[in-house]
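This report refers to the structure that appears directly beneath it.
Residue numbers start at 1 and run along the sequence shown. We count ligands from 1, going down the list as the structure has it; atoms in each ligand are counted the same way.
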Amino acid sequence: MSKEHNNSTAITPLFSAEAIENRIREIGKAISVDFAFATSASPLLLIVVLKGAFIFAADLVRTITIPCTVDFIHASSYGSGKISSGNVTIKHNLAIEGRHILLVEDIIDTGLTIQQIEAELMTMKPASISICTLLDKPETRKHPVVARYRGFIVPNAFIVGYGIDFNEQYRGLPALGKLDS
Ligand code: IMP
Ligand code: MG
């Protein structure tokens, strides 16, 4: 990733495309081992949290070697800036009763978004829910959620790239970086 993405905003590189690819391969292996009991009659269900996790999920699903299916849920907590609104809007059209669920998220920050998604999905009687996040910011956690799988731990900074945005920008950057303020 170039340091200067455009003329006004600097991005400090954190994880290269190659580092991300290698880490995802490890996570995909771990998931495939842990859910080795999945069958084509009873596949693991990946629920991808849109929009930020779309690239992560696309790469992750190609490293998973057990039967799995993919569906999506839309969550938004940020308005137009860097401060979480504390108000999570969740939209989905899922039927998950009896399914083993892997929630695929981009970043866990305060934990509010994933906690609310998990609470909503739990009412739909899945067999289990596990969380897989590309990035974890444990320093800023306010709601006690634990990811079974996490790619990288990051400091309390604003991260962009590899699907993750600031005001809908930077999702297409192949690597992850910190938006300098
Ligand atoms: P939480 O509800 O505070 O855990 O925030 C989770 C959501 O906020 C994530 O799914 C992201 O979409 C967004 N978010 C949190 N931190 C960042 C960041 O550093 N960059 C971009 N989006 C972020
Ligand atoms: Mg998100």
Side-chain angles (χ1 to χ4, degrees), residues 1-6 8-17 19-20 23-24 27 31 45-61 70-94 101-123 129-181:
M1 185 189 311
S2 68
K3 173 120 176 127
E4 295 293 327
H5 180 61
N6 61 32
S8 58
T9 314
I11 295 170
T12 305
L14 283 180
F15 303 105
S16 67
I20 297 168
R23 186 72 189 107
I24 290 178
I27 295 172
I31 292 167
L45 171 55
L46 272 63
I47 299 183
V48 183
V49 183
L50 295 173
K51 301 178 197 167
F54 81 110
I55 293 179
F56 174 41
D59 284 343
L60 179 67
V61 73
V70 181
D71 216 323
F72 301 91
I73 191 166
H74 189 274
S76 45
S77 60
Y78 279 80
S80 57
K82 292 183 191 170
I83 309 298
S84 172
S85 68
N87 239 330
V88 184
T89 308
I90 299 171
K91 294 180 209 158
H92 67 86
N93 185 21
L94 297 165
I101 306 294
L102 185 70
L103 262 177
V104 183
E105 174 62 307
D106 56 355
I107 304 186
I108 303 179
D109 182 11
T110 66
L112 180 71
T113 304
I114 207 75
Q115 189 189 55
Q116 297 215 348
I117 292 172
E118 198 177 10
E120 170 143 350
L121 296 183
M122 278 307 286
T123 67
I129 300 181
S130 300
I131 297 169
C132 176
T133 189
L134 176 63
L135 301 177
D136 192 1
K137 290 185 189 174
E139 276 173 42
T140 46
R141 190 76 89 257
K142 289 189 192 147
H143 306 272
V145 289
V146 177
R148 183 169 182 184
Y149 309 99
R150 59 182 179 184
F152 303 101
I153 295 173
V154 289
N156 182 17
F158 203 84
I159 315 295
V160 294
Y162 196 71
I164 300 170
D165 76 308
F166 171 57
N167 282 350
E168 296 299 327
Q169 289 188 73
Y170 309 112
R171 292 194 198 275
L173 295 179
L176 285 156
K178 177 170 102 58
L179 198 63
D180 297 340
S181 45

Item to check | Atom indices of ligand 1 within 4.0 angstrom of Gly111 heavy atoms, with elements | outcome: 1 (P), 3 (O), 4 (O)
Checklist entry - What part of His143 sits under 4.0 Å from ligand 1 if we count only heavy atoms: the side chain, the backbone, both or neither? => result neither
Checklist outcome for this item: The side-chain contact (heavy atoms from CB on, under 4.5 Å) partners of Ala157 (sequence neighbours excluded) come to Ile159, Lys178
Next on the checklist: Counting only nitrogen or oxygen atoms and a 3.5 angstrom limit, does Val160 reach ligand 1?
Outcome noted: no
Please tabulate, for side-chain N and O atoms in residues 139-146, each donor-acceptor pair with protein atoms closer than 3.5 Å (sequence neighbours left out).
| from | atom 1 | to | atom 2 | distance (Å) |
| --- | --- | --- | --- | --- |
| Thr140 | OG1 | Asp109 | OD1 | 2.5 |
| Thr140 | OG1 | Lys137 | O | 3.1 |
| Arg141 | NE | Val145 | O | 3.4 |
| Arg141 | NH1 | Asp109 | O | 3.1 |
| Arg141 | NH1 | Asp136 | OD1 | 3.2 |
| Arg141 | NH1 | Lys137 | O | 3.4 |
| Arg141 | NH2 | Asp136 | OD1 | 2.7 |
| Arg141 | NH2 | Asp136 | OD2 | 3.3 |
| His143 | ND1 | Gln115 | OE1 | 3.3 |

Checklist outcome for this item: Numbered in order shown, the ligand 1 atoms found under 4.0 Å of a heavy atom of Ile159 are 18 (C), 19 (O), 20 (N), 21 (C)
Next on the checklist: Heavy-atom pairs closer than 4.0 Å: do any link ligand 1 to the side chain of Ala53, the backbone, both, or neither?
Outcome noted: neither
Next on the checklist: Could you tell me, atom by atom, which parts of ligand 1 come under 4.0 Å of a heavy atom of Lys137?
Outcome noted: 16 (N), 17 (C), 18 (C), 19 (O)
Checklist outcome for this item: Here the atoms of ligand 1 under 4.0 Å from any heavy atom belonging to Ala157 are 19 (O)
Next on the checklist: Heavy-atom distances under 4.0 Å decide this one: backbone, side chain, both or neither, for Asp106 against ligand 1?
Outcome noted: side chain
Item to check | More than 12 heavy atoms of other groups within 6.0 Å of Asn156 CG | outcome: yes
Next on the checklist: Below 4.0 Å, non-hydrogen atoms only: which portion of Asp109 touches ligand 1? Side chain, backbone, both or neither.
Outcome noted: both
